[in-house]
Amino acid sequence: MEKKNIDWANLGFGYMETDKRFVANYKDGAWDEGALISDPTVTISECAGVLQYAQTCFEGLKAYTTEDGHIVTFRPDLNAARLKSSCERLEMPVFPEERFIQAVSDTVAANEAYVPPYGSGATLYIRPYMFGSNAVIGVSPADEYQFRVFTTPVGPYFKGGAKPLTIRVSDFDRAAPHGTGHIKAGLNYAMSLYAIVDAHKKGFDENMYLDPATRTKVEETGGANFLFVTKDNKVVTPKSGSILPSITRRSLITVARDYLGLEVEEREVLFEEVKDFAECGLCGTAAVISPVGKIVDHDKEICLPSGMTEMGPITKKLYDTLTGIQMGRIEAPEGWIHVIR
Ligand SMILES: *Cc1c(COP(=O)(O)O)cnc(C)c1O
């Protein structure tokens, strides 16, 4: 397979059209068998449920070339299960989990020429998503849906090393108690745009959202879960019904416990405690872990002891171990690596 002529090391995190995408349609109560197609555009009713009432959800995962030359994805079964729970919460039909994994594999295989080579730092980002496609004007769920998977090569997240981020405590909320914060709904992102644009204008990289009910507990950022390390090397990660269950964060917990022998606590984390932590990172598929160096709460600043130049030592070990597992340099727990070819 001849790879496309792409400058892998200098790719950014942007959309690049690739050759094939998977499309399946839901109509009259059933999914059709779906197909890989070449047309990158979508044609739907001007009154489609997704356009009027935002009935859409998505997933995000990556395909990698491992050290021994296989193309793999990381725990796609968890993405399938999470899409299922998003669909159920949004009154959308579930795309069967085995079919989800197959569609992801087929789309990656069809775009093999775009899977970055091992060692380039780049990966093939995979975006499965679903939306209500027929006309809906009275507020109700759509009757017809489209499930699609496209891929796009993305560059190394940290060019020239991971620079710790400066984040601020947001005055806006991300998710209501008993709302949709725990599912991967497009609407969660639409309402976060104002807060992130405002944060960037003021010189911050990200927003830290607190629990909207009491504003005393740490939730997450717009698109990544928090992971903290205590001064005695315990890994602490916030537990809440309104944060999105990050697959990266859940995997890092296993890595911390089973590979690094660290104690892990999944529990409510008071903002009050944050000043006592030694390290802080943001977990998500895009960057695996982005280190946080500083957290600004209005006129107060918390400077993490790990500093503003590099990842903290435990964060670095977690990052190196998980990326080692993903790239096939370290043996993975059973079922974590899904080989495509
Ligand atoms: C997708 C997402 C994450 C990260 O989840 P991963 O499965 O690790 O990529 C975290 N928070 C939010 C709000 C998300 O949408």
Side-chain angles (χ1 to χ4, degrees), residues 13 54 56-64 73-87 89-90 97 100-101 104 123-130 149 151-152 154 157 165 167 170 172-177 179-196 199 205-212 217-228 235 237-256 266 269 280-292 315 318-319 321-323 325-326 336-338:
F13 196 89
T56 179
C57 55
F58 66 99
E59 274 302 323
L61 67 163
K62 286 172 168 178
Y64 318 83
T73 49
F74 181 71
R75 310 187 78 181
D77 53 315
L78 297 188
N79 295 97
R82 196 167 63 185
L83 187 75
K84 176 172 185 277
S85 64
S86 298
C87 288
R89 180 65 176 76
L90 295 173
E97 289 167 81
F100 174 100
I101 296 170
V104 164
T123 54
L124 188 72
Y125 186 75
I126 308 162
R127 171 53 59 87
Y129 61 115
M130 194 192 294
V149 183
T151 61
T152 187
V154 295
Y157 202 82
L165 307 177
I167 66 176
S170 177
F172 302 101
D173 293 326
R174 192 190 84 85
T180 55
H182 61 301
I183 61 164
K184 225 168 164 70
L187 62 92
N188 291 342
Y189 280 78
M191 64 84 232
S192 75
L193 298 176
Y194 183 84
I196 193 64
D205 298 302
E206 267 296 346
N207 286 301
M208 170 188 268
Y209 292 103
L210 301 180
D211 75 296
K217 291 172 267 184
V218 177
E219 294 256 308
E220 62 171 319
T221 66
N225 286 181
F226 280 104
L227 182 147
F228 299 99
V235 172
T237 161
K239 188 170 177 166
S240 151
S242 49
I243 68 179
L244 195 282
S246 158
I247 294 165
T248 313
R249 189 250 309 157
R250 286 182 273 162
S251 303
L252 286 166
I253 287 173
T254 303
V255 166
E266 278 182 90
V269 174
C280 171
L282 305 179
C283 323
T285 294
V288 182
I289 313 182
S290 310
V292 174
T315 306
L318 287 165
Y319 176 86
T321 310
L322 185 56
T323 52
I325 289 169
Q326 291 172 331
W336 277 24
I337 303 297
H338 181 81

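Read the numbers this way: they start at 1 and go in the same order the structure lists the ligands and their atoms. For reference, positions follow the sequence shown, starting with 1.
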Can you check whether Glu266's main-chain N or O pairs, donor with acceptor, with Thr237's side chain at less than 3.5 Å? no
Exam field: side chain Asn79 to backbone Gly60, donor-acceptor pair closer than 3.5 Å: yes
Qualifying residues under salt bridge (charged side-chain N to carboxylate O under 4.0 Å, His left out), relative to Lys239, sequence neighbours excluded: none
Return all side-chain donor-acceptor pairs below 3.5 angstrom for residues 181-190, not counting sequence neighbours, or 'none' if the list is empty.
{"unit_1": "Asn188", "atom_1": "OD1", "unit_2": "Thr180", "atom_2": "OG1", "d": "3.0"}
{"unit_1": "Asn188", "atom_1": "ND2", "unit_2": "Thr180", "atom_2": "O", "d": "2.8"}
{"unit_1": "Asn188", "atom_1": "ND2", "unit_2": "Ile183", "atom_2": "O", "d": "2.9"}

Can you list the residues that meet the ring-ring contact (aromatic ring centres under 6.0 Å, His included) rule with Tyr64, with sequence neighbours excluded?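 Residues passing ring-ring contact (aromatic ring centres under 6.0 Å, His included) with Tyr64: none at all.
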What does the 4.0 Å heavy-atom contact list look like for ligand 1? Arg82, Arg174, Lys184, Tyr189, Glu220, Gly222, Gly223, Ala224, Asn225, Leu244, Ser246, Ile247, Thr248, Gly284, Thr285
Kindly indicate whether the side chain of Gln326, heavy atoms from C-beta on, has any atom under 4.5 Å from the side chain of Val288. yes
